[in-house]
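Below is one structure, written out as structure tokens; the observations come after it.
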Amino acid sequence: MTCQHLKEAVEAAPLSSYPDGCPQCVAAGFQNWVHLRLCLGCGMVACCDSSPRRHMSAHHAAEGHPVMRSFEPGESWRWCYEDEQLG
């Protein structure tokens, strides 16, 4: 059964384009981010949990936005941090 957060999440527009990768990693001089994720609460783009700095998980911890989706070309899956459920 799908959690309520995933059911209610709407597509968020990215705050800007990210041709160079994770904005936080790039700003700090790192290039070893793995995949990008989009916060459906605010449109922030950040790196995934396979990346060393896990910026999207840190964003969830700081802001409490429950749902993100893959920001990789051709992928549309979503993840709810609150219920630890894929959608």
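- Criterion: ILVMFWY side-chain heavy atoms under 4.5 Å apart, direct or through other members. Under it, Leu15 and Trp33 are part of a common hydrophobic cluster.
- To the nearest 0.5 Å, the span separating CG on Leu6 from CZ on Arg69 amounts to 13.5 Å.
- Summarising the geometry of Met44 relative to Met56, their closest heavy-atom pair is O-CE, 3.4 Å, with the distance given to 0.1 Å.
- Around CD of Glu84, the count of heavy atoms belonging to other residues, nucleotides or ligands within 6.0 Å does not exceed 12.
- The heavy-atom pair separating Leu36 from Gly21 by the smallest distance is CD2-C, 3.8 Å.
- Rounding to the nearest 0.5 angstrom, the gap separating the CZ atom in Arg78 from the CD atom in Gln85 is 13.0 Å.
- Between His55 and Cys22, the closest heavy-atom pair is ND1-SG, 3.4 Å.
- Residues Cys25 and Cys47 approach most closely at SG-SG, 3.8 Å, considering heavy atoms.
- Shown here for Glu72 and Ser70, the closest heavy-atom pair between the two residues is N-OG, 3.2 Å.
- Cys3 and Asp83 get closest at one heavy-atom pair: CB-OD2, 3.0 Å.
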* Does the pair Trp79 and Val67 meet the rule for a side chain to side chain contact (heavy atoms under 4.5 Å, CB included), with working shown? -> CA-CA 6 Å; Trp79 176 256; Val67 181; over 6 Å; no
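- Counting heavy atoms from C-beta on, the side chains of Cys42 and His65 come closer than 4.5 Å.
- Hydrophobic clustering (side-chain heavy atoms under 4.5 Å, transitive across Ile, Leu, Val, Met, Phe, Trp, Tyr) groups Leu40 together with Tyr18.
- The closest side-chain heavy-atom distance from Tyr81 to Pro66 is not below 4.5 Å.
- Met68 and Val45 fall into different hydrophobic clusters, where Ile, Leu, Val, Met, Phe, Trp and Tyr are joined by side-chain heavy atoms under 4.5 Å apart, directly or via other members.
- We find the SG-NE2 distance between Cys80 and His60 to be 8.0 Å, quoted to the nearest 0.5 Å.
- Interatomic distance, CZ of Arg37 versus CD of Glu75, reported as 6.5 Å (0.5 Å rounding).
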